[in-house]
Amino acid sequence: MPQRKSVPEEFAYGQMIDSLCKVGRHNGAAQSQCKPDVITLNTIISGFCRMGRIEEALKIMNDMLMGKFTSPNAVTLTTVICGMLNVGRIREALDLLHKVMPEKGVRPGVVTYNAVLRGIFKLYGESKAIEVFSSMESDGVLANSTTYTIIVDGLCESNQIEEAKRFWDDVIWPSNIHDDFVYAAILKGPCQSGKFNEACNFLYELVDCGVSPNIVNYNILIDRACKLGLKAEACQIVGEMRKTGLTADAVTWRILDKLHGNVGKQVCVSANAQFEEGLQEFYC
DNA sequence: CTAGGGTTAG
């Protein structure tokens with residue numbers, strides 16, 4: 001594994017800009033043409049945000065807003081919003097969305113909203129998040145599957161499984177915008193809230209509706225079954241999975257392997273037989 | 001260039 005070089009603490013804003021201009025001069029460009037473009041600046045801002053050096057990120061953004069360099073775009077502001085959310089400065093992050101962006105005529109896209117949504121769920125909870133989701137819709141920004149994954153995750157994390165299911169029925173399924181990540185979120189939620197059967201039914205419904213869940217989706221359920229000691233159910237799910245043409249992967253095996261230690265604990269014989277039979281089929 | 005990722009093990 002190549003070791004990632006860490007950026008020295010003292011490698012700060014002023015120095016950064018100096019080096020950018022030097023690069024320009026070496027290339028023989030006139031100094032006025034050496035100003036870093038928006039992508040360069042966004043990349044630097046992103047780096048500062050990732051290091052938690054939000055002040056330096058803000059400094060660049062403010063210079064851009066004041067007309068030094070080029071104007072910030074949606075990526076610039078989204079990057080800073082994320083940086084702020086990550087350090088808990090929610091108020092200021094929302095100010096950027098609600099004040100600075102409109103003032104500067106920069107329209108937030110779905111990525112901006114998704115970033116904000118995640119932050120809002122974590123820090124303000126579900127009702128505020130749904131508010132943001134609504135304002136996103138009224139803003140004419142179309143949700144994507146990441147949006148829906150964030151919402152399902154957010155609801156399930158606060159144990160609102162029913163809400164999540166309703167959101168799936170009312171919004172996600174009709175939208176036809178859903179992928180393996182959304183399925184994973186909505187399967188994992190019930191599993192973690194002790195509603196394993198609900199999760200199973202949901203998966204089978206999906207398949208009935210023509211969706212093809214992937215191996216990770218199945219692994220989530222198989223893992224839960226194993227953790228609950230439901231060996232027969234685990235086998236059953238593996239069987240259903242194989243019907244769809246999927247085969248156990250390394251993770252599935254690692255999950256199933258745990259069952260071996262539990263053989264005979266409180267598991268009925270037929271379940272064991274079925275399990276062994278299942279194993280044999282895997283080897284074919 | 002911006003979010004965002006899901007299962008096992010350790």
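Since the model is a prediction, treat every value here as computed from it, not as a measurement.
- Nucleic acid contact for A:Asn86: none, since no nucleic acid atom lies under 4.0 Å from a heavy atom of the residue.
- Rounded to an integer number of Å, the gap from A:Asn73 CG to B:dA3 P is 13 Å.
- Ion pairing of A:Lys165 with A:Glu162 is absent here, as no side-chain N (NZ or NE/NH1/NH2) approaches a carboxylate O to less than 4.0 Å.
- Counting only N and O atoms by type, the side chains of A:Ser145 and A:Asp179 include a donor and acceptor under 3.5 Å apart.
- Comparing B:dA3, B:dG6, B:dC1 by their nearest atom to the side chain of A:Ile39 picks out B:dC1.
- Residue contacts for A:Ala115: at a heavy-atom cut-off of 4.0 Å it reaches the sugar-phosphate backbone alone, with no base atom in range.
- Between the CG atom of A:Leu96 and the C1' atom of B:dT2 there is a distance of 13 Å, rounded to whole Å.
- Closest approach to the A:Lys188 side chain among B:dT2, B:dC1, B:dG6 is made by B:dG6 (side chain taken as heavy atoms from C-beta onward).
- Within 4.0 Å (heavy atoms only), A:Asp249 reaches no atom of the nucleic acid at all.
- In this structure, A:Ile220 atom CD1 and B:dG5 atom P are separated by 14 Å, rounded to whole Å.
- Distances shown here put every side-chain N or O of A:Arg254 at or beyond 4.0 Å from the OP1 or OP2 atom of B:dG10.
- Considering only side-chain N and O atoms, A:Lys258 lies under 4.0 angstrom from the phosphate OP1 or OP2 of B:dA9.
- Results of the side-chain contact (heavy atoms from CB on, under 4.5 Å) test with A:Arg89 over A:Ile54, A:Leu94, A:Leu96 single out A:Ile54 as the only residue that passes.
- Considering all non-hydrogen atoms of both residues, A:Ile151 and A:Phe121 come closest at CA-CE1, 3.6 Å.
- Base engagement by A:Asn144 is indicated by at least one non-hydrogen atom pair under 4.0 Å involving a base atom.
- The separation between A:Ile186 atom CD1 and B:dG4 atom P is 20 Å, rounded to whole Å.
- In the set B:dG4, B:dG6, B:dA3, the nucleotide with an atom closest to the side chain of A:Cys82 is B:dA3.
- Looking at the side chain of A:Thr149, the nearest of the listed nucleotides B:dC1, B:dG5, B:dG6 is B:dG5.
- Put simply, A:Lys227 has a side-chain N or O that comes within less than 4.0 Å of OP1 or OP2 on B:dT8.
- Atom CZ of A:Phe133 and atom C1' of B:dA3 are 16 Å apart (whole Å).
- At whole-Å resolution of the value, NZ in A:Lys122 and P in B:dG4 are 7 Å apart.
- The separation between A:Leu97 atom CG and B:dT2 atom C1' is 13 Å, rounded to whole Å.
- Of all nucleotides listed (B:dG6, B:dT7, B:dG5), B:dG6 comes nearest to the side chain of A:Asp180.
- Looking at the side chain of A:Asp179, the nearest of the listed nucleotides B:dG5, B:dT2, B:dG6 is B:dG5.
- Rounded to a whole Å, the OH atom of A:Tyr183 is 13 Å from the C1' atom of B:dG6.
- Rounding to the nearest 0.5 Å places CG of A:Leu117 at 10.5 Å from CG of A:Leu85.
- For A:Thr78 against B:dT2, a side-chain-to-base donor-acceptor contact under 3.5 Å is present.
- Checked for salt-bridge contact, A:Glu56 and A:Lys59 miss the test: no charged N lies under 4.0 Å from a carboxylate O.
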